[in-house]
Amino acid sequence: MAGVVGGTIALGGGGTASVDALSALRSRPTQTSKGTARSVEVRTFARLKAKGYQVKYNSRSQFGSCKNKSYGQVKGFFSTHPCRSLHRFMAELVSPSGASVLVAVSVVDMPNAENAAEFKDLVDVHGTGNILELPKEVRRYRAVEFTGYRYGSRQDGTLVTNVQVEPFGRSRNAVIAAEVLSLALEAE
């Protein structure tokens, strides 16, 4: 996983999700040391496109409550440590070689860096739960199982970015999935 700077490649969970792209566009972005949760999405897609990946499909949603969009111990954590906001986005990407992968990203903004570190420590442990993956609300992608074995996260102040990647379609290329994960977690 060369190229991941300031992030962690770890084992994490899988799940289901929901979509409301229109409200995400109208929502007030959360400010952080690197800008906004939405800017994480813009920078991620820019890095992937620069490496020759084509975005075949993408969607986003933004919510105020992390508890309602999480499961397992992570949901319990958000019961006692509410987040400020949750921004999720996903994409089906096609590599220059034609392999497809599905990427699910959540950006959680916590009230302070200590809570963000606690959340990251919990979500990085395989089997503790996670944020619900946005692709589960899109009919075409409901059958994709996010195993948590192609998972990574990084913290930037109060923001915790959580990325899961799964090979998709006929050419299930795990090498491409690993490259996408690395690019999605790259620090600026």
Side-chain angles (χ1 to χ4, degrees), residues 1-4 7-27 29 36-63 66 69-71 85-108 123 126 129-154 159-188:
M1 286 297 151
V4 178
T8 302
I9 301 301
L11 300 179
T16 61
S18 94
V19 174
D20 188 357
L22 189 56
S23 70
L25 295 174
R26 291 188 211 137
S27 298
T36 66
R38 174 82 166 110
S39 68
V40 171
E41 177 182 352
V42 171
R43 290 188 312 262
T44 299
F45 282 134
R47 281 192 301 271
L48 291 164
K49 287 178 181 178
K51 289 290 187 175
Y53 286 88
Q54 294 178 346
V55 178
K56 188 170 182 181
Y57 176 89
N58 72 315
S59 186
R60 75 182 58 86
S61 72
Q62 189 156 345
F63 296 92
C66 293
K69 295 297 176 187
S70 59
Y71 60 92
S85 69
L86 168 61
H87 180 85
R88 297 178 301 161
F89 59 97
M90 54 88 48
E92 179 183 345
L93 301 172
V94 180
S95 74
S97 67
S100 292
V101 294
L102 194 58
V103 181
V105 180
S106 67
V107 183
V108 173
V123 78
H126 191 77
N130 206 335
I131 300 295
L132 299 169
E133 293 84 10
L134 189 56
K136 293 297 184 178
E137 288 296 314
V138 179
R139 178 171 287 157
R140 172 185 171 109
Y141 306 114
R142 284 186 187 149
V144 176
E145 181 183 349
F146 287 90
T147 63
Y149 293 110
R150 292 172 193 87
Y151 165 88
S153 69
R154 65 182 299 264
L159 277 189
V160 176
T161 302
N162 173 327
V163 180
Q164 296 186 75
V165 180
E166 289 297 329
F168 179 74
R170 286 184 264 161
S171 59
R172 297 183 180 269
N173 191 323
V175 173
I176 298 296
E179 179 182 52
V180 168
L181 179 61
S182 179
L183 288 167
L185 288 170
E186 227 171 65
E188 276 58 55

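Note that the coordinates shown come from a computational prediction; the quantities given were computed from them, not determined experimentally. The figures that follow rest on heavy atoms only: side chains count, while hydrogens, waters and symmetry mates do not.
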If every non-hydrogen atom of Ala184 is compared with every non-hydrogen atom of Val163, which pair is closest and at what distance? CB-CG1, 3.8 Å
Backbone N/O of Ala178 and side chain of Ser182: donor-acceptor pair under 3.5 Å: no
Pair Thr161, Arg154 - check side-chain hydrogen bond (donor to acceptor under 3.5 Å, both in side chains), show working. CA-CA 5 Å; Thr161 302; Arg154 65 182 299 264; 5.3 Å; no
Tyr151 vs Asn162 side-chain heavy atoms within contact, under 4.5 Å: yes
Drop me the distance from Leu132's CG to Ser61's OG, to the nearest 0.5 angstrom. 10.0 Å
Can you see which heavy atom on Leu86 is nearest to which on Cys66, and at what distance? CB-SG, 3.8 Å
Determine, stepwise, if the pair Leu48 / Val55 fulfils side chain to side chain contact (heavy atoms under 4.5 Å, CB included). CA-CA 9 Å; Leu48 291 164; Val55 178; over 6 Å; no
Between the NZ atom in Lys56 and the CZ atom in Arg140, the distance rounded to the nearest 0.5 Å is 4.5 Å
When rounded to the nearest 0.5 angstrom, what distance separates CG in Leu134 from CZ in Arg88? 5.0 Å
Between CZ of Arg150 and CD of Glu166, what distance do you get to the nearest 0.5 Å? 5.0 Å
Charged N to carboxylate O under 4.0 angstrom, Lys51 versus Glu179? no
Gln164 side, atom CD; Leu102 side, atom CG - distance, nearest 0.5 Å: 10.0 Å
Pairwise distance CG(Asn58) to CD(Glu92) - rounded to 0.5 angstrom: 11.0 Å
Looking only at heavy atoms, what is the nearest atom pair of Tyr149 and His126, with distance? OH-NE2, 3.4 Å
Hey, are the side chains of Arg47 and Tyr53 touching, using non-hydrogen atoms and a 4.5 Å cut-off? no
